[in-house]
Amino acid sequence: MPKSRIRKKADYTPPPAKQATNVKLTSNAWVAPVMLAMFLIGLAWIVVFYVTDGTLPIDALDNWNIVVGFGFIAAGFGVSTQWK
(Lines give C-alpha, C1' and ligand atoms only; values in the text may rest on other atoms or scores of the structure.)
Protein backbone atom coordinates (compact mmCIF):
# COMPACT_ATOMS: atom_id res chain seq x y z
CA MET A 1 0.00 0.00 0.00
CA PRO A 2 1.45 3.36 -0.98
CA LYS A 3 2.14 5.97 1.69
CA SER A 4 0.19 9.19 1.54
CA ARG A 5 2.05 12.37 0.96
CA ILE A 6 2.74 14.55 3.97
CA ARG A 7 1.48 18.06 3.49
CA LYS A 8 3.50 20.86 4.94
CA LYS A 9 1.40 22.97 7.26
CA ALA A 10 1.76 26.72 7.35
CA ASP A 11 3.62 28.09 10.34
CA TYR A 12 1.43 29.40 13.12
CA THR A 13 1.31 33.16 13.35
CA PRO A 14 -0.24 34.47 16.55
CA PRO A 15 -2.80 37.28 16.30
CA PRO A 16 -1.52 40.79 16.94
CA ALA A 17 -1.31 41.75 20.60
CA LYS A 18 -4.15 43.89 21.85
CA GLN A 19 -3.41 47.02 23.81
CA ALA A 20 -4.83 47.06 27.31
CA THR A 21 -7.32 49.83 27.91
CA ASN A 22 -7.79 51.46 31.26
CA VAL A 23 -11.32 51.30 32.58
CA LYS A 24 -12.45 53.95 35.03
CA LEU A 25 -14.13 52.09 37.89
CA THR A 26 -14.83 54.96 40.22
CA SER A 27 -18.39 55.87 40.97
CA ASN A 28 -19.73 59.27 41.86
CA ALA A 29 -19.61 60.18 45.52
CA TRP A 30 -23.39 60.63 45.74
CA VAL A 31 -24.34 57.12 44.65
CA ALA A 32 -23.72 55.13 47.84
CA PRO A 33 -25.32 57.63 50.27
CA VAL A 34 -28.41 58.09 48.09
CA MET A 35 -28.77 54.34 47.60
CA LEU A 36 -28.56 53.64 51.34
CA ALA A 37 -30.88 56.55 52.12
CA MET A 38 -33.53 55.20 49.73
CA PHE A 39 -33.28 51.73 51.25
CA LEU A 40 -33.57 53.06 54.80
CA ILE A 41 -36.41 55.48 54.01
CA GLY A 42 -38.39 52.70 52.34
CA LEU A 43 -37.78 50.32 55.22
CA ALA A 44 -38.65 52.97 57.81
CA TRP A 45 -41.82 53.90 55.89
CA ILE A 46 -43.07 50.30 55.93
CA VAL A 47 -42.09 49.72 59.58
CA VAL A 48 -43.83 52.93 60.72
CA PHE A 49 -46.93 51.95 58.77
CA TYR A 50 -47.11 48.57 60.48
CA VAL A 51 -46.20 49.79 63.96
CA THR A 52 -48.86 52.52 63.94
CA ASP A 53 -51.57 50.18 62.58
CA GLY A 54 -51.87 52.15 59.34
CA THR A 55 -52.37 55.66 60.74
CA LEU A 56 -48.92 56.94 59.85
CA PRO A 57 -46.99 58.03 57.67
CA ILE A 58 -49.95 59.19 55.51
CA ASP A 59 -53.37 58.09 56.72
CA ALA A 60 -55.15 58.91 53.45
CA LEU A 61 -53.05 56.42 51.49
CA ASP A 62 -54.18 53.50 53.64
CA ASN A 63 -52.48 50.31 52.35
CA TRP A 64 -50.81 52.19 49.51
CA ASN A 65 -48.23 53.22 52.10
CA ILE A 66 -46.67 49.79 51.55
CA VAL A 67 -46.34 50.55 47.83
CA VAL A 68 -44.71 53.88 48.65
CA GLY A 69 -42.19 52.14 50.92
CA PHE A 70 -41.37 49.54 48.30
CA GLY A 71 -41.13 52.37 45.76
CA PHE A 72 -38.35 53.94 47.82
CA ILE A 73 -36.61 50.56 48.02
CA ALA A 74 -36.97 50.08 44.25
CA ALA A 75 -35.53 53.56 43.70
CA GLY A 76 -32.58 52.52 45.84
CA PHE A 77 -32.01 49.52 43.58
CA GLY A 78 -32.28 51.82 40.58
CA VAL A 79 -29.60 54.10 42.00
CA SER A 80 -27.44 51.06 42.82
CA THR A 81 -27.02 50.39 39.09
CA GLN A 82 -24.82 53.51 38.93
CA TRP A 83 -22.40 52.13 41.53
CA LYS A 84 -19.11 50.83 40.15
Could you report the tightest heavy-atom contact between [X] and [Y], atom names first, then the distance?
| X | Y | result |
| --- | --- | --- |
| A75 | M38 | CB-SD, 4.1 Å |
| I46 | I73 | CD1-CD1, 4.2 Å |
| I66 | Y50 | CD1-OH, 3.4 Å |

Please tell me if the side chains of V79 and W30 come closer than 4.5 Å, counting only heavy atoms from C-beta onward.
-> yes

Measure the spacing between CG of L61 and CG of L56 and express it to the nearest 0.5 Å.
-> 12.0 Å

CD1/I58 to CZ/F49 distance, rounded to the nearest 0.5 angstrom?
-> 11.5 Å

Do [X] and [Y] share a hydrophobic cluster, counting only Ile, Leu, Val, Met, Phe, Trp and Tyr and linking them when any side-chain heavy atoms are less than 4.5 Å apart?
| X | Y | answer |
| --- | --- | --- |
| V31 | V34 | yes |
| L43 | L36 | no |
| W83 | I41 | yes |

Is the F39 to F77 ring centre distance short of 6.0 Å?
-> yes

Has the side chain of N65 got a donor or acceptor atom that lies under 3.5 Å from a matching backbone atom of W45?
->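 No; zero donor-acceptor contacts below 3.5 Å.
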
